[in-house]
Amino acid sequence: MLAGCATGPATEPATETASPRGDDAPVVRQGPVTDIVDGDTFDLADGTRVRLAIVDTPEVRSDTQPCGPEATAFTGAFLDGATVAIYRPQDAPATGGFDRLLGEVVRVADGASLNVALVAAGLGRVDERFTAEDPDLAARLRRAAADAPTPECATDTPPDAPPDAAGEPDGTEQATGPVRIVHVRFDGPGDDVQPGDSEYVELGNDGDEPVDLIGWQVADDDGNTVTVGAGATIAPGGSLRVYSGPAGDESAPDRWYADRDQGYLNNSGGDDLRLLDPTGTTVATFRYDS
């Protein structure tokens, strides 16, 4: 089963075929899926973070919303063991916030569209702000929305505390500046410090200027720290993953590798993380439950 995939609500994934599409939008990326972040966001095995185009699902991290865990579980079940193709019109923006790849996500095995399936199940809404970017997808999403049921979770009372969504951090966070902790993968596939794909803490920059992170530290509640070294800059609106382990054969500008020989993020019991600037001041915190 996928890392970060919930075993939760058993809403059967829709199987409307999205491939071939009604236009000439090309496949911009293809590969197997690893981590599920939430209902509309996941990672490919090559480290690419993908955000569904024109579809928005309820939150499960900083503020858990009704149907958020159900949408995350639905996406986990839909993508479990899947290789996907990402379709995106050539004239549409390739990436969105935090440099996430945007597109229609289609299972290669059967041509089923995750974007359409979430909306058809009533677990995703059509984001009308972006429909002009992909008219073919927008038309199918609107048709799906017209017949979508109202899921039981939509009338549930939100829990007092955010649940652990599919083994992913529930993301209770605070920040005093533009740089914050936005995601934690506390249990990587295989060895937690295997080259190129270890556990990591992902930082986001909500500011308008790049931030040089040399000398910044990620610290946990047990006194473990990772000090970020040279070459780690986070662009405005971008993100940077601070990996515990060594680099693999390929690296990307949005990654920095601590080259530790063992992990430090708790795989059970959760952890409290702090982000410290070079003066030792705590500028962000993040609590996850595992």
Side-chain angles (χ1 to χ4, degrees), residues 3-4 28-29 31 33-53 56-57 59-63 72 75 86 88 93-103 105 165 168-188 196-219 226-245 247-248 250-258 265 273-278 282-288:
V28 296
R29 193 69 56 89
V33 176
T34 53
D35 294 339
I36 304 300
V37 177
D38 56 27
D40 54 37
T41 307
F42 63 89
D43 292 340
L44 295 177
D46 65 1
T48 300
R49 178 147 294 176
V50 180
R51 172 65 163 81
L52 301 187
D56 189 42
T57 60
E59 296 298 324
V60 294
R61 290 186 290 168
S62 59
D63 180 20
T72 301
T75 293
I86 315 299
R88 188 67 169 161
T95 58
F98 301 116
D99 295 324
R100 296 173 296 187
L101 183 68
L102 292 171
V105 176
E168 290 291 337
D170 60 14
T172 305
E173 62 169 288
Q174 292 183 336
T176 60
V179 181
R180 60 192 180 96
I181 300 172
V182 298
H183 180 63
V184 175
R185 183 171 76 177
F186 55 83
D187 188 10
D197 198 19
S198 63
E199 61 179 29
Y200 63 76
V201 174
E202 184 167 350
L203 309 178
N205 179 7
D206 292 337
D208 298 325
E209 300 291 336
V211 178
D212 186 348
L213 294 180
I214 186 170
W216 289 55
Q217 291 186 326
V218 176
V226 169
T227 302
V228 181
T233 299
I234 185 168
S239 63
L240 178 84
R241 295 180 187 176
V242 178
Y243 284 82
S244 296
E250 297 181 3
S251 60
D254 60 351
R255 304 176 192 179
W256 185 84
Y257 297 89
L265 300 173
L273 303 180
R274 293 177 296 133
L275 178 65
L276 292 77
D277 68 15
T282 298
V283 296
T285 61
F286 191 99
R287 168 69 195 178
Y288 70 86

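- Of the possible polar contacts, none joining the Thr72 side chain to the Asp38 backbone as a donor-acceptor pair under 3.5 Å is found.
- Side-chain atoms of Pro93 and Arg88, non-hydrogen and from C-beta on, do get closer than 4.5 Å to each other.
- In this structure, the side chains of Val242 and Trp216 stay at 4.5 Å or more apart for every pair of heavy atoms.
- In this structure, the side chains of Phe286 and Arg180 stay at 4.5 Å or more apart for every pair of heavy atoms.
- At a threshold of 4.0 Å, the pair Asp40-Arg100 does not count as salt-bridged, since none of the basic side-chain nitrogens sits closer than that to a carboxylate oxygen.
- Under 4.0 Å is where a charged nitrogen must lie from a carboxylate oxygen, and between Glu202 and Arg49 at least one such pair does.
- The closest side-chain heavy-atom distance from Glu199 to Phe186 is not below 4.5 Å.
- Here Asp43 pairs with Arg241 in a salt bridge; the nearest charged N to carboxylate O distance falls below 4.0 Å.
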(message) Could you go through Trp256 and Val226, starting from their C-alpha distance and side-chain angles, then the distance that decides it, and tell me whether this counts as side-chain contact (heavy atoms from CB on, under 4.5 Å)?
(response) CA-CA 11 Å; Trp256 185 84; Val226 169; 3.9 Å; yes
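- Between Asp46 and Arg29 a salt bridge is recorded (basic side-chain N to carboxylate O distance below 4.0 Å).
- Here the straight-line distance linking atom OG1 of Thr57 with atom CG of Leu52 works out to 7.0 Å at 0.5 Å rounding.
- Put simply, the side chain of Tyr288 reaches to within 4.5 Å of the side chain of Leu273, judged on heavy atoms.
- A heavy-atom distance below 4.5 Å is found between the side chains of Leu203 and Leu275.
- Counting heavy atoms from C-beta outward, Thr95 and Leu102 have side chains that stay 4.5 Å or more apart.
- Inter-residue side-chain proximity for Val184 and Leu265 is flagged as met; some heavy-atom pair is nearer than 4.5 Å.
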